[in-house]
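Take a look at the structure below.
All ligand and atom numbering here is 1-based and tracks the order in the structure.
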Amino acid sequence: MKVLVVGGGGREHTLIWKLKQSPRVDKIYCAPGNGGIAQDAECIPLTADNIQGLADFATAEKIDLTVVGPEVSLVAGIGDLFASRGLKLFGPRGKAALLEGSKVFSKEVMAKYGVSTAAFKVFQDPADARSFVRELGGPCVIKADGLAAGKGVIIAANTAEAEEAVQLVMEERAFGEAGKSVVVEELLEGEEVSVLAFTDGKTILPLVASQDHKRIFDGDEGPNTGGMGAYSPPPIYTSELHDMACKDVLEPVIRGLASEGIKYQGVIYAGLMITKKGPYVLEFNCRFGDPETQVVIPRLKTDLIEVMEAVVDERLDEVQLEWDSRAAVCVVLASGGYPGSYEKGKVITGLDELPSDVLAFHAGTVLAGEQLVTSGGRVLGITGFGVGVEEAVRRAYAGVEKIHFEGMQYRRDIAHRALKRG
Ligand code: AMP
Ligand code: GLY
């Protein structure tokens with residue numbers, strides 16, 4: 001069969017690496033792809049927001065299944081457009097994707113169906129938001145309603161910071177229209193875990209859990225990024241917590257949406273805070289995580305195309321997921337200056353010297369003639385495996401040592417929480 005993957009980051013490279021292993025897949029296209037993906041798939045110069053162009057391409061090329069990476073396409077309604085053209089697509093429809101596309105919608109669904117999440121209020125008027133944060137009188141979290149490329153969440157340590165955040169998001173519209181409405185919520189404390197699940201709207205099949213590292217510097221210091229590394233499995237996430245996450249998070253949200261006539265088909269990502277009272281939802285995403293995918297999908301033994309087709313055809317009850325028991329660790333190599341401004345076009349060397357058991361997933365790379373050069377903030381994700389997390393950390397960093405490009409930065413402490421637990 002012919003598959004089209006939409007997106008061009010490390011997540012999409014990982015999905016393509018896995019899909020390529022299926023005996024059922026003959027040809028993979030990727031739109032727009034990147035320098036590394038170009039070695040595994042045919043790259044098409046269409047961006048993820050060009051859903052009309054993607055539908056035209058899928059029709060013309062008779063694509064059997066389109067797999068969507070980024071939320072922009074999903075929230076823009078690529079699922080509905082493809083369905084209207086009779087094209088098969090893995091990813092939720094626009095209404096279901098609102099779980100990520102609108103924080104207000106997401107929190108309201110959670111409240112209505114009893115999903116564990118931080119207490120919150122929604123505001124359209126900055127004066128009301130201000131008086132509420134004064135009333136709270138302590139730390140809180142301010143979230144712009146709409147998509148803001150992962151930047152629309154401000155953690156305020158006190159009332160003054162919360163008022164500044166209201167000003168920035170609602171009055172200055174720092175994130176544009178996304179700041180028309182805001183969610184103000186209670187600050188949760190604990191360790192974060194990412195739990196993804198395949199669902200066809202009825203059956204829910206959770207993937208192995210993972211933990212991301214959002215800050216740029218070691219020790220979780222500095223500004224937030226798209227994610228500087230991940231590992232799986234996180235030892236904090238016990239089977240008891242997993243049962244709670246299924247019962248108190250995944251099941252109520254999928255059943256709740258279904259009861260409103262919204263069938264969620266695709267992968268759902270629950271960003272959980274493991275609090276003293278159990279797992280609480282920080283956010284839902286309507287897609288695979290990045291870099292979580294780079295550690296979770298390589299652990300999946302089951303043919304990914306079989307799973308995705310079962311999701312699309314609503315027969316996920318026929319599928320069982322099998323997992324590699326080894327741990328996986330992914331270290332992201334980023335451009336100097338990221339997540340601020342950075343230079344591009346730096347020559348990347350050492351990929352041909354990687355140990356054979358280490359994988360390199362490309363994010364911001366491009367081929368300039370014969371040479372691979374940097375083209376984004378996050379450049380590569382280097383994934384290693386081991387009997388436990390400690391060994392996987394060693395293998396991943398053994399790979400990292402081989403790679404070089406000018407200005408390269410990465411965290412030296414990926415999986416530190418797991419290692420501390422011993
Ligand atoms: P979100 O996009 O809603 O996941 O927020 C991005 C990040 O902000 C999360 O991964 C958390 O690190 C942090 N965050 C969001 N909401 C809260 C909260 N209620 N309490 C503490 N941290 C939060
Ligand atoms: N790694 C966080 C995300 O994909 O949203």
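Atoms of ligand 1 found under 4.0 Å from any heavy atom of E283, numbered from 1 in the order shown, are 1 (P), 2 (O), 3 (O), 4 (O). Each of the following atoms of ligand 1 lies closer than 4.0 Å to a heavy atom of L187: 20 (N), 21 (C). Every atom of ligand 1 with a heavy atom of E192 under 4.0 Å away is listed here by number and element: 9 (C), 10 (O), 11 (C), 12 (O). Per-residue contacts place K214 under 4.0 angstrom from the following atoms of ligand 1 (heavy atoms of the residue considered): 10 (O). If you number the atoms of ligand 1 from 1 as listed, the ones under 4.0 Å from a heavy atom of E185 come out as 16 (N), 17 (C), 18 (C), 19 (N). For ligand 1, the atoms sitting less than 4.0 Å from at least one non-hydrogen atom of K143 are 3 (O), 15 (C), 16 (N), numbered in the order shown with element in parentheses.
Close N/O approach between L188 and ligand 1 is found [any backbone or side-chain N/O within under 3.5 Å]. Not one N or O of V153 is nearer than 3.5 Å to an N or O of ligand 1, by distance alone.
Ligand 1 has E186 within reach: a non-hydrogen atom of the residue lies less than 4.0 Å from it.
Judged purely by distance below 3.5 Å, without hydrogens or angles, the side chains of E292 and S210 never pair a donor atom with an acceptor atom.
Relative orientation of the Y397 and Y410 rings is tilted, given thresholds of 30° and 60° on the angle between their planes. Between H213 and Y231, the angle of the ring planes lies from 30° to 60°, which puts this pair in the tilted group. Taking the six-membered ring where tryptophan is involved, the planes of F57 and Y29 are perpendicular, since the angle between them exceeds 60° and thus also 30°.
Among residues two or more places apart in sequence or in another chain, the side chain to side chain contact (heavy atoms under 4.5 Å, CB included) test is passed with R130 by P126, R134, E163, V166, Q167, E171. Under the ring-ring contact (aromatic ring centres under 6.0 Å, His included) criterion, Y280 pairs with no residue, sequence neighbours left out. In terms of the side-chain hydrogen bond (donor to acceptor under 3.5 Å, both in side chains) criterion, E12 has no residue partners (sequence neighbours excluded).
Within the set N224, V183, D212, I155, the minimum heavy-atom distance to atom 14 (N) of ligand 1 is found for I155.
Put simply, the residue from D40, D290, T365 that forms a side-chain hydrogen bond (donor to acceptor under 3.5 Å, both in side chains) with H13 is D40.
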Pairs of nitrogen or oxygen atoms, one from ligand 2 and one from the protein, closer than 3.5 Å: please tabulate them with distances.
from	atom 1	to	atom 2	distance (Å)
ligand 2	1 (N)	D212	OD2	2.8
ligand 2	1 (N)	D290	O	2.9
ligand 2	1 (N)	E292	OE1	2.8
ligand 2	1 (N)	E292	OE2	3.4
ligand 2	4 (O)	R287	NH1	3.0
ligand 2	4 (O)	D290	N	3.0
ligand 2	5 (O)	N285	ND2	3.4
ligand 2	5 (O)	R287	NH2	2.8

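Side chain of E100 to main chain of F284: no donor-acceptor pair is present (N/O by atom type, distance under 3.5 Å, no hydrogens or angles). Side chain of T374 to backbone of K346: a donor-acceptor contact under 3.5 angstrom is found.
Using a 4.0 Å cut-off between heavy atoms, V141 contacts ligand 1 through its side chain alone, with no backbone atom that close.
Remark: D64 does not engage K88 in a salt bridge, criterion side-chain N to carboxylate O under 4.0 Å.
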